[in-house]
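Note that the coordinates shown come from a computational prediction; the quantities given were computed from them, not determined experimentally. In what follows, every heavy atom counts, from backbone to side chain, and hydrogens, waters and symmetry copies are set aside.
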Amino acid sequence: MIKIKIITQNKVVFEGEADSFYTDTKDGRIGILPNHIPLTSVLEIGVTKIVTGNEPVYVTTMGGIMHFRDNHAVILTDIAELGSDIDEMRAHEAMKRAKAKIQSHSDKLSVLKAQVALKKAIARISATRKYY
């Protein structure tokens, strides 16, 4: 079993045991099983899927770092939300706003901010619908 903890600066979003977990890193999606070699990785905006038995838990992880060693995983991130706590309609509205901002071709900084907002909205929708 893996002991996993997902922490933001304000709270512990998830703490428990898992058979495995999967997360989005800057180098792509990775899966961690018990007894994996030690690993530290920079996370991308995405979803972390925690598998225990037949009931996966989905958590948005908005960047951060993941450290794994001796079957203990810690994810430090600025923002994390359990998929079950996310308002899917609100996430869809945020996605529409971000797409409209990108299509408006305003200044480069605004477009970059909108692209990040779009990634966050997609991660939230994915976590609520359990797409992974």
Side-chain angles (χ1 to χ4, degrees):
M1 282 299 230
I2 297 169
K3 292 183 190 262
I4 184 168
K5 189 183 280 190
I6 299 176
I7 306 168
T8 69
Q9 59 191 1
N10 299 322
K11 64 181 178 177
V12 175
V13 176
F14 179 89
E15 184 172 13
E17 292 187 340
D19 297 325
S20 61
F21 73 95
Y22 306 84
T23 194
D24 295 313
T25 72
K26 292 285 185 181
D27 296 322
R29 185 169 290 159
I30 61 169
I32 304 290
L33 298 170
N35 302 316
H36 194 285
I37 62 169
L39 175 70
T40 299
S41 188
V42 176
L43 298 181
E44 182 64 70
I45 294 170
V47 177
T48 297
K49 177 182 178 183
I50 302 162
V51 180
T52 305
N54 294 331
E55 290 300 317
V57 174
Y58 298 86
V59 182
T60 61
T61 44
M62 305 300 181
I65 60 169
M66 183 273 303
H67 178 74
F68 180 83
R69 183 174 181 194
D70 297 329
N71 289 323
H72 286 79
V74 176
I75 293 176
L76 302 172
T77 182
D78 289 332
I79 301 169
E81 301 164 286
L82 291 170
S84 58
D85 292 344
I86 296 170
D87 181 340
E88 188 176 355
M89 291 300 292
R90 191 170 164 200
H92 276 285
E93 289 169 9
M95 184 174 71
K96 287 178 189 175
R97 284 192 308 271
K99 284 181 177 181
K101 187 73 143 178
I102 291 168
Q103 291 174 349
S104 73
H105 301 291
S106 56
D107 64 286
K108 189 173 184 176
L109 182 59
S110 295
V111 171
L112 290 173
K113 286 180 180 180
Q115 288 172 335
V116 170
L118 179 60
K119 282 180 117 176
K120 288 179 178 181
I122 290 170
R124 286 182 175 112
I125 292 166
S126 297
T128 62
R129 293 190 175 184
K130 301 179 182 173
Y131 291 143
Y132 193 78

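- Considering all non-hydrogen atoms of both residues, Ala80 and Thr8 come closest at N-CG2, 3.6 Å.
- Side chains of Glu81 and Val59 form no contact here, defined as non-hydrogen atoms less than 4.5 Å apart.
- Annotation for Ile2 and Ile32: closest pair CD1-O, 3.6 Å, computed over non-hydrogen atoms.
- Side-chain heavy atoms closer than 4.5 Å link hydrophobic residues (I, L, V, M, F, W, Y) into clusters, and following such links, even through other members, never connects Met1 to Phe21.
- Put simply, Ile50 and Leu43 are part of the same group of oily side chains (I, L, V, M, F, W, Y) that touch within less than 4.5 Å, one to the next.
- The closest side-chain heavy-atom distance from Phe14 to Ile75 is not below 4.5 Å.
- Atom NE2 of residue His72 and atom NZ of residue Lys3 lie 5.5 Å apart, to the nearest 0.5 angstrom.
- Taken together through direct or relayed side-chain contacts under 4.5 Å among Ile, Leu, Val, Met, Phe, Trp and Tyr, Ile4 and Met62 form parts of separate hydrophobic clusters.
- Side-chain atoms of Thr60 never come within 3.5 Å of backbone atoms of Lys120 as a donor-acceptor pair (strictly under, hydrogens ignored).
- Residues Leu109 and Val116 do not share a hydrophobic cluster, clusters being chains of Ile/Leu/Val/Met/Phe/Trp/Tyr side chains in contact below 4.5 Å.
- In this structure the side chain of Thr40 never reaches within 4.5 angstrom of the side chain of Arg69, judged on heavy atoms.
- By the rule that hydrophobic residues join a cluster once side-chain heavy atoms approach within less than 4.5 Å of another member, Leu39 and Ile6 end up as members of one cluster.
- The distance from atom CD1 of Ile125 to atom CE of Met89, rounded to the nearest 0.5 Å, is 10.0 Å.
- To the nearest 0.5 angstrom, Asp78 atom CG is 13.0 Å from Ile7 atom CD1.
- Taking 4.5 Å as the limit, some side-chain heavy atom of Ile79 sits within range of a side-chain heavy atom of Arg124.
- Rounded to the nearest 0.5 angstrom, Ile122 CD1 and His92 NE2 are separated by 10.5 Å.
- Side chains of Arg97 and Glu93 form a contact here, defined as non-hydrogen atoms less than 4.5 Å apart.
- You'll find the side chain of Leu82 reaches within 4.5 Å of the side chain of Val13, heavy atoms only.
- Rounding to the nearest 0.5 angstrom, the gap separating the CD atom in Glu17 from the CG atom in Asn71 is 10.0 Å.
- With rounding to the nearest 0.5 angstrom, the NZ atom of Lys26 is 13.0 Å from the CD1 atom of Ile65.
- Ring planes of His36 and Phe68: perpendicular class, angle over 60° (limits at 30 and 60°).
- Using modelled atom types, no side-chain atom of Thr23 and backbone atom of Thr48 make a donor-acceptor pair closer than 3.5 Å.
- Judged purely by atom type and a 3.5 angstrom limit, Thr77 uses its side chain to pair as donor or acceptor with the backbone of Gly63.
- Here the closest heavy-atom approach between residue Gly83 and residue Thr128 is recorded as O-CG2, 3.5 Å.
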